2 protein chains.
Amino acid sequence: MPAPRDPLRVDILPGTLDLLILKTLSVQPMHGYGIAQHIGRLSADALKVEEGSLYPALQRLKLKGWLTAEWRITPTGRRARYYELSRGGRRQLARELSAFDQLVAAVRSVVRPA
Amino acid sequence: MPAPRDPLRVDILPGTLDLLILKTLSVQPMHGYGIAQHIGRLSADALKVEEGSLYPALQRLKLKGWLTAEWRITPTGRRARYYELSRGGRRQLARELSAFDQLVAAVRSVVRPA
DNA sequence: CCATATCCATAGTCAATCTATGTATAACGA
DNA sequence: TCGTTATACATAGATTGACTATGGATATGG
């Protein structure tokens, strides 16, 4: 049987995946695999984006009009789906970033009161 | 029909409810309603703990052995269920607090890179 | 007497994330 | 040449967490 899962061992902070993706794409258009790599690298592997979370999230964001997608060829000659932040996506990124900061500040005010 | 829910308008940062409860009970034993008030007050009403989230969470935490419960009478003469942090709950609080800080730092390293 | 605040709790729903699985190709080492 | 690893996309299914909605009960203040 599989070992029981440590309830603390989460891959990402729930509710922040969209923010992480939008921010990553604000650097430059990227394909899914590259987005996951970028997030892992910048966070020193503290954050691991699972494929089963990533691709559905990309669909969601695309449906909301926050990013566009097109098939391209990578520098290494592979076919990959490149995602690009839309104008609305940029606004959404700003909103989510600000909301995240406020929520973190709120949690801190409870768990680390002055 | 009900207005569509703004995806940003969350009541709490998902995944932090247990932490908020454990921290609140580390101050002193408290009943459910008091816990919700405490979290709301300390966060200047930025965090709102819904009853439908709170009471199931208290059951969960009790099941894990992180807190104990007993019926008592409040100072105003009401009957209420008081929750008290156990020794294991105190350890769990420390773990969750540290995990939360690490996750927030990781997210920040992506969304606000140096 | 009626509204509001205090208190508990559950049922049902929804959304987000995870696990597991499938496909396919390229590169590399044994 | 063959197996493994890395690159790349995607979905199905399960699980979990948090929400809405609802129910009850008692106290207080207008």
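Please read all numbers here as calculations on a predicted model, not as lab measurements. Here is how names work: the chains are called A, B, and so on, in the same order as the sequence lines, proteins then strands, and each is numbered from 1.
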(request) Indicate if B:Tyr82 and B:Leu85 have the same hydrophobic cluster label, given that clusters are the connected sets of ILVMFWY residues with side-chain heavy-atom separations under 4.5 angstrom. (result) no

(request) Decide yes or no for B:Leu47 and A:Val107: does some side-chain heavy atom of the first lie under 4.5 Å from some side-chain heavy atom of the second? (result) yes

(request) Take the protein atom NZ of A:Lys62 and the nucleotide atom C1' of D:dT11, then report the distance between them rounded to whole Å. (result) 16 Å

(message) At under 4.0 Å between heavy atoms, how does the protein contact nucleotides 5-12 of chain C? Give one character per nucleotide, 5' to 3', with B, S or -.
(response) BBBBBB--

(request) Round to a whole Å and report the spacing from CG of A:Leu61 to P of C:dA15. (result) 15 Å

(message) A:Asp101 vs B:Arg112, test: salt bridge (Lys or Arg N to Asp or Glu O under 4.0 Å). Steps then yes/no.
(response) CA-CA 11 Å; A:Asp101 284 338; B:Arg112 303 209 184 276; 2.3 Å; yes

(message) For a 4.5 angstrom cut-off between non-hydrogen side-chain atoms, does A:Lys62 reach A:Thr68?
(response) no

(message) With a cut-off of less than 4.0 Å, is there a side-chain N or O of B:Arg60 near OP1 or OP2 of D:dA18?
(response) yes

(request) Report yes if some heavy atom in the side chain of B:Ile12 is under 4.5 Å from a heavy atom in the side chain of B:Lys48; otherwise report no. (result) no

(request) Name every residue in residues 14-30 of chain B that has at least one heavy atom under 4.0 Å from any atom of DNA chain D, in order of residue number, or write none if there are no such residues. (result) B:Pro14, B:Gly15, B:Thr16, B:Leu17

(message) Just so I know, are the side chains of B:Leu22 and B:Gln92 near enough to count as touching, which here means a heavy-atom distance under 4.5 Å?
(response) yes

(request) Kindly state each residue pair satisfying side chain to side chain donor-acceptor pair (under 3.5 Å) with at least one member in residues 20-41 of chain A, sequence neighbours excluded. (result) A:Thr24-A:His38, A:Tyr33-A:Gln37

(message) Looking at B:Ser43 and B:Ile39, would you say the former's side chain and the latter's main chain have a donor-acceptor pair under 3.5 Å?
(response) yes

(message) Just the rounded figure in Å: distance from P of C:dA15 to CG of B:Asp11.
(response) 15 Å

(message) Please report the distance, rounded to the nearest Å, between CD1 in B:Ile12 and C1' in C:dA16.
(response) 14 Å

